[in-house]
> 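There's a structure below that I have some questions on.
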Amino acid sequence: MQTRSFVLDGDLKRFWDISWDGPDVEVTYGKWGTDGRCRERSFETPAARDAYIEAQIAKIRKKGYRESDRVAAAADGRTPKVEAEARALEAWLTGQRREAWDPVLEQTSAPGVARFRGAMTLDAGEAWPSCGSCGRPLAGLFELDRAGLPDPTLRADDCVQLFACESWSNDEPGSADCIVGSWLARRHARGTPRHETPPGASAGAHPPTSVVSWTERSELPPIDVVGARLDECSEETLDALVRMAGGALSDDPFDAYRAFAEGRGERSANRHKLGGWPTFVQEPVRPWARQLFQLERGAPLHANFGDVGAAHLLLTSSGTLDFFWASH
């Protein structure tokens with residue numbers, strides 16, 4: 001394997017090494033006396049590999065690095081200070097965890113603890129909700145009975161419902177209003193008569209699917225919650241954190257955190273889930289809101305949240321229901 005080494009002198013001496021063997025190129029860099037960080041790439045042709053090497057060397061020279069015949073010595077393990085910082089960061093992150101429950105689904109018309117599609121709870125004599133744009137009946141998408149939820153802090157003597165208009169057509173001028181403005185998320189009394197979605201409420205038929213039980217797990221916060229804290233950490237601290245969880249090292253602090261969460265099996269998930277951390281598609285995290293349920297656009301919901309869309313039923317600090325959705 002061939003290697004070219006570069007150093008940056010100053011108050012904080014740094015190294016940058018590039019090595020190659022056949023199609024594989026490895027770049028290692030960091031503070032002098034540490035293991036540094038490593039990234040690898042492979043190329044289909046020697047010409048592409050050599051062009052990459054020269055381009056990387058040109059970039060590093062512009063930053064003030066000079067070529068050296070000395071390869072930086074690797075650190076002899078983590079220092080006590082780095083170890084302590086990594087342990088403190090791990091403890092802080094662990095304190096941010098939230099419990100989440102994945103729904104166990106069964107295609108059935110039985111109510112279950114929650115229901116995707118199918119019958120919805122209405123008061124006796126209550127009219128089925130209609131679209132404020134086209135006037136046609138809304139489709140019943142989701143209903144969650146909160147009385148028996150596995151998380152006591154999310155329980156209440158009511159149910160939460162989500163309706164939307166699915167009767168629009170691309171040929172109708174008001175279809176955009178139906179798609180964007182027809183959503184109805186509300187709290188409703190339990191134990192009242194259940195009613196099937198009336199004919200004409202949906203452009204497509206989707207079989208009712210019930211949640212028959214839950215699978216519990218823990219979730220670490222998404223990047224936008226912990227990013228400011230990660231920015232304060234040294235490369236060595238982040239590397240030590242990732243090693244604790246058996247994750248792969250990365251030259252990006254956000255990727256390092258993802259590797260840590262993956263290694264722990266606690267990365268916040270983009271899926272249907274009760275509780276947990278909301279994985280917002282576009283919006284920033286709302287610290288004043290607690291997630292009740294996250295809904296993905298795919299089966300068994302089949303909702304129009306756009307491309308890679310998701311929706312969130314949130315509870316504010318006062319207990320009111322907040323709903324919004326977003327897509328790429």
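Note that the structure is a prediction, hence the values are computed from the model and not measured. Side-chain atoms are counted along with the backbone in the values below, which use heavy atoms only and exclude waters and symmetry mates. Throughout, residue positions are numbered sequentially from 1 according to the sequence presented.
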> Are Thr279 and Arg271 close enough that a side-chain donor and a side-chain acceptor fall under 3.5 Å?
no
> What is the distance from atom CD of Gln96 to atom OG1 of Thr94, rounded to the nearest 0.5 Å?
9.5 Å
> Indicate, with yes or no, if the rings of His312 and Phe323 have centres closer together than 6.0 Å.
no
> Can you tell me how far apart SG (Cys233) and OH (Tyr257) are? Round to the nearest 0.5 Å.
12.0 Å
> Taking Arg290 for its side chain and Thr316 for its backbone only, find out whether a donor-acceptor pair lies under 3.5 Å.
no
> If I compare all heavy atoms of Phe305 with all of Ala310, which pair ends up nearest, and what's the gap?
CB-N, 3.9 Å
> Specify the closest pair of heavy atoms between Leu241 and Phe260, including all atoms of both residues, with the distance to one decimal.
O-CD1, 3.4 Å
> To the nearest 0.5 Å, how far apart are OG in Ser218 and CZ in Arg98?
12.5 Å
> Verify whether one side chain among His188 and Glu126 offers a donor that lies under 3.5 Å from an acceptor in the other.
yes
> Using salt bridge (charged side-chain N to carboxylate O under 4.0 Å, His left out) as the criterion, point out the one residue from Arg97, Lys273, Arg264 that pairs with Glu219.
Lys273
> Taking atom types as modelled and ignoring hydrogens, do the side chains of Glu106 and Thr209 form a donor-acceptor contact shorter than 3.5 angstrom?
no
> With a 3.5 Å cut-off and no angle check, do the side chains of Asp17 and Ser5 form a donor-acceptor pair?
yes
> Keeping the roles fixed (side chain from Arg49, backbone from Gly22), state whether a donor-acceptor pair exists under 3.5 Å.
yes
> Kindly give the heavy-atom pair with the smallest separation between Leu144 and Ala114, and that separation in Å.
CD1-CB, 3.6 Å
> Look only at the side chain of Ser182 and the backbone of Cys165, and say whether a donor-acceptor pair between them is shorter than 3.5 Å.
yes
> For Pro300 and His272, work out which heavy atoms get closest and say how close.
CD-NE2, 3.8 Å
> Would you say the ring centers of Trp20 and Phe43 fall short of 6.0 Å from each other?
no
> Considering non-hydrogen atoms only, spot the tightest contact between Gln294 and Asn270 and give its length.
NE2-CA, 3.9 Å
> Any luck finding a side-chain donor-acceptor pair between Asp24 and Ser42 under 3.5 Å?
yes
